[in-house]
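Nothing here was measured: the structure is a model prediction, and the numbers come from that model. Chain letters run A, B, ... following the sequence lines, proteins first and then strands; every chain starts at 1.
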Amino acid sequence: MKNNLNSMQQAAIKHIKGPLLIFAGAGSGKTRVLTHRIAHLIEKGVDPYNILAITFTNKAAKEMKERAAAIADNSDRCWISTFHSACVRILRIDIDKIGYNTRFSIFDAADSERLIKDILEELNLDTKLYPAKYIASVISGQKNELKTPDDFYKASAGDFNKSNIAEVYNLYQQRLKLNNALDFDDIIFNTVELFKQCPDVLERYQNRFYYIMVDEYQDTNNAQYMLVSLLAKKYQNICVVGDDDQSIYGWRGANIQNILNFNKDFPKAKVIKLEQNYRSTKTILGSANSVISNNVTRSEKSLWTENISGEKIKVYKAENERDEAAFTAVTIKLAVQNGAKYSDFAVLYRTNSQSRPVEDRFVISDIPYRIYGGIRFYERAEIKDLLSYLKAIDNPSDNIALTRIINVPRRNIGKITIQEVQQYAYENGISMYYAIKESDQMPKLTPRATVSLEKFANLLDGFSDFAATNTITAVIKKVLADTDYIKSLQDGTVEAANKVENINELLTKAVEFENANPEEPTLSAFLAEVSLVADIDNYEEQADTVSLMTMHSAKGLEFANVFIAGFEEGIFPTYRSATSGNLDDLEEERRLCYVGITRAKQTLHLTWPASRIRQGREMNSAVSRFIKEIPQDNYEYVYMQGRSTTTKPPISPRKAIAEKQVNPYRKEIPAPKNKPFNFSVGDRVRQMRYGAGEIIAIDSAGADYEVTIKFDIAGEKKLMANLLKLVPEN
DNA sequence: GTTTCTAATATTTTT
DNA sequence: TATTAGAAAC
């Protein structure tokens, strides 16, 4: 079993007692080491029940579980899970000891923001000065530092803005409690709180988790650090794995010092460095090493590989984003014609919005792809609606969920009525659900509103009764049936059909969940799982598609061929990080660049458009400064195959580098003239929103045309030609 | 109470 | 530019 492990890896696996810090460079076989370490512990007679392994993503947890199961007996008795899932599991049992109900809901970012907006309005705070998103990030930051509203208030030292935010934070926590809800940060915060307040509970888990492993330790924030420290304090059998060069979550509170100071916290810690890379070619790895060596704050290390030198990195300067995407598509197509698989390719970018042009081009070129990130499945409106029904059934105190569905589908309960219910609920210190039950006590309500509310309450009660004795799948089906939800969606648009598809997908997920958790398929557990998944968790290795994702999402993955798109100043590094004057920001961007480059096994393409349209304006771009940090011998400029007229003549790398680095440089583009309209009556066309149809009339309307189209599904619509995005049907 | 329009906002990354 | 939230109109 251990034949294929190098001496450092073996040393890491065999170290059992006492603290251990593993610096695991990119592609150094980190997951192998962790899983073999679990197997080794079990082989040496450790009860898997006493092993805890913590990861950041469900995907990593799943992979570790599968790989451990393949080489160790009874590994399913270990706890292998994310920080958040592990903490939810702990809190479901004991959170009542610190004054919460064990049937709490989990609020996602959107729920939190909604709540903050309500509070800002209530406190009469100007949302211009205090944007909800900003407040949410401040509160999150405080929680990651384990600071209560009171702590924050005291620390604000009379600063007017800070005290105001502290007040919002204070109310926010009260409201969460009233809703019987926790946000993401509370999940960690309250587990730490539970351990601090209840030493008996802490000791129980200390004794249980005799061996602790933490993956991606460089990404832990202070709350997570405290959690791990508390658990490991008694027996000190803690093994943390990480790579300070891959710390890319500083903006989310990750504290790189946690890994750099590990030997201060545990002076007896053994430190092992895994520096042999098994993933990339010498050229790729050398380039990554060269880039990251420009960072000042890092522990010294040098990754090396026995792999071949491989091809040079290819750099492509595109005219614009469409050209950039076209180059990517052509290159992939060509490789696939020569025997490569689509799944060998990934297109990585800095921001989710960059996926759009790539996606457009791939559709045209008929390249199968899968996008990870962006709008997550569980954030889609129709899914949130249904989940809100489930949340309201599971936790009647959840006012946010209740407010979301009280008039969805429309049931004649308007804004005024909802406000009245809200106010009554706050005044009487009860949830909106119970307030509705007393709607006859609210003098301002019309009899009609009261009837609507009563009907709604009966509907919910019916669901609750049903849920007590039926499966989750059955409950979802009943909600759909009794509310006529699907029917309310249908408006003939393509989006509506997608929504129905998404709902079916949710039903599939529910069935999967029930099959995976036969002993306890509770609604609470399902909702918690659903709240804590990331899009990347659904990454399928088998599917033969090109993967599109941000470099953040790509961490932990590897691909034979990688394209990094938008390799330009202002995008990567971001304008903000380049201009903030804070060296840490730029260093984090550079670490992200290191992560991006080291995803590639065989080939790497760096592309950027000489001009791009941002927020409606065309802007010229200069190549990213990071390209200067790659040795010149490691890369070469390339040009698109079979294309000469539209691409400008080649320029030397040197000249490209010398190009203006000041960015952004803005240039207004003239307002579009009336575009010619190239369709006539009788043409079959396709439109984004309404799908296929036939043009039945074209009328002149001032500078524009008014086009009447009879759509196959949506029926007849009159639309302005300028606003339409019409294409011929085929 | 519902629909339609306007205006603001966005572009950093997410458990 | 594209999307979305809030306001005005119906």
Side-chain angles (χ1 to χ4, degrees), chain A residues 54-61 81-88 106-110 112-114 117 121 127-128 131-133 136-137 140 143-144 182-188 216 219-221 223-224 247-254 321 348-357 372-376 378-379 381 407 409-418 446 448-449 452 528-529 531-537 549-555 566 570-578 580 585 588-589 591-592 595-596 612-619 664 669 671-672 688 723 725:
Chain A
I54 300 180
T55 63
F56 270 82
T57 65
N58 291 296
K59 184 191 172 290
S81 81
T82 64
F83 267 106
H84 288 85
S85 314
C87 288
V88 167
I106 298 169
F107 273 13
D108 66 15
S112 299
E113 240 174 75
R114 182 72 262 158
K117 274 185 186 163
E121 199 175 325
T127 48
K128 284 248 168 51
K133 271 213 171 71
S137 77
S140 172
K143 289 184 179 179
N144 289 336
L182 305 184
D183 66 18
F184 287 141
D185 303 311
D186 282 337
I187 292 171
I188 312 290
E216 307 279 14
D219 287 333
T220 49
N221 62 37
Q224 289 160 334
S247 166
I248 53 176
Y249 287 103
W251 51 275
R252 214 170 68 192
E321 287 175 281
L348 309 181
Y349 34 77
R350 180 66 241 266
T351 69
N352 279 305
S353 59
Q354 288 172 257
S355 68
R356 196 62 171 271
Y372 300 89
I375 311 153
R376 280 182 265 170
Y378 294 106
E379 282 168 8
N407 199 30
R410 303 256 139 81
R411 51 174 73 88
N412 297 323
I413 301 175
K415 211 162 93 185
I416 307 282
T417 311
I418 295 170
T446 61
R448 218 183 93 181
S452 299
E529 181 167 308
S531 306
L532 298 175
V533 295
D535 207 35
I536 195 68
D537 297 334
M549 64 183 83
T550 62
M551 284 174 277
H552 280 90
S553 299
K555 189 160 70 140
I571 295 280
F572 191 35
T574 60
Y575 181 69
R576 276 165 84 144
S577 64
S580 73
D585 292 345
E588 183 149 313
E589 292 288 302
R591 289 193 291 269
L592 188 59
V595 168
R612 86 158 59 228
I613 294 172
R614 291 179 83 182
Q615 281 155 266
R617 282 195 202 83
E618 186 181 312
M619 304 168 43
I669 46 169
M688 282 252 300
L723 302 172
K725 282 191 176 164

In whole Å, I'd like the distance from the [atom1] atom of [X] to the [atom2] atom of [N].
| X | N | atom1 | atom2 | result |
| --- | --- | --- | --- | --- |
| Phe83(A) | dT14(B) | CZ | P | 19 Å |
| Ile248(A) | dT14(B) | CD1 | P | 9 Å |
| Tyr349(A) | dT14(B) | OH | C1' | 14 Å |
| Leu592(A) | dT12(B) | CG | P | 13 Å |
| Glu589(A) | dT13(B) | CD | P | 11 Å |
| Lys117(A) | dA8(B) | NZ | P | 15 Å |
| Glu113(A) | dA10(B) | CD | P | 10 Å |
| Asp186(A) | dT15(B) | CG | P | 18 Å |

Among [options], which nucleotide has an atom closest to any side-chain atom of [X]?
| X | options | value |
| --- | --- | --- |
| Asn412(A) | dG1(B), dA5(C), dT14(B) | dG1(B) |
| Ser553(A) | dT14(B), dT12(B), dG6(C) | dT14(B) |
| Thr351(A) | dT2(B), dG1(B), dT13(B) | dT13(B) |
| Arg410(A) | dT14(B), dG6(C), dT2(B) | dT2(B) |
| His84(A) | dT3(B), dT15(B), dT14(B) | dT15(B) |
| Arg114(A) | dG6(C), dT12(B), dT2(B) | dG6(C) |
| Arg448(A) | dT15(B), dT14(B), dG1(B) | dG1(B) |
| Thr574(A) | dT14(B), dT12(B), dG6(C) | dT12(B) |

Between [X] and [N], does any side-chain N or O lie under 4.0 Å from OP1 or OP2?
| X | N | result |
| --- | --- | --- |
| Asn221(A) | dT15(B) | no |
| Asn352(A) | dT13(B) | yes |
| Ser577(A) | dT12(B) | no |
| Arg356(A) | dT3(C) | yes |
| Thr550(A) | dT14(B) | yes |

List the atom of [X], the atom of [Y], and the distance in Å for their closest heavy-atom pair.
| X | Y | result |
| --- | --- | --- |
| Ser85(A) | Asn58(A) | OG-OD1, 3.9 Å |
| Ala109(A) | Phe184(A) | N-CE1, 4.3 Å |
| Pro357(A) | Ser353(A) | CD-O, 4.2 Å |
| Glu589(A) | Ile571(A) | OE1-O, 4.5 Å |

Exercise. Is it true that Arg356(A) and Glu321(A) make a salt bridge, defined as a side-chain N closer than 4.0 Å to a carboxylate O?
Worked result: no
Mind checking [X] for me? I need base, sugar-phosphate or nothing, with any heavy atom below 4.0 Å counting as a touch.
| X | result |
| --- | --- |
| Ser353(A) | nothing |
| Arg576(A) | base |
| Ser531(A) | nothing |
| Asp185(A) | nothing |
| Asn58(A) | nothing |
| Phe184(A) | base |

Seminar exercise, completed: DNA chain B nearest-nucleotide lookup for Arg411(A) and Thr55(A): closer to the 5′ end is Arg411(A)
Problem set entry | Along DNA chain B (nearest heavy atom to each residue), the more 5'-positioned of Lys133(A) and Gln224(A) | Lys133(A)
For this session: Evaluate the criterion side chain to side chain contact (heavy atoms under 4.5 Å, CB included) for residue pair Lys555(A) and Asp219(A); output intermediate values, then yes/no.
Result: CA-CA 12 Å; Lys555(A) 189 160 70 140; Asp219(A) 287 333; 2.4 Å; yes
Problem set entry | Donor-acceptor pair under 3.5 Å, Trp251(A) side chain vs dT12(B) base | no
For this session: Using the P atom on both, measure dT4(C) against dT13(B) and round to a whole Å.
Result: 15 Å
Seminar exercise, completed: Rounded to the nearest 0.5 angstrom, the CD1-OG1 distance for Ile54(A) and Thr220(A) is 10.0 Å
Exercise. Just wondering, do Tyr249(A) and dT14(B) stack (centres under 5.5 Å, planes under 30°)?
Worked result: no
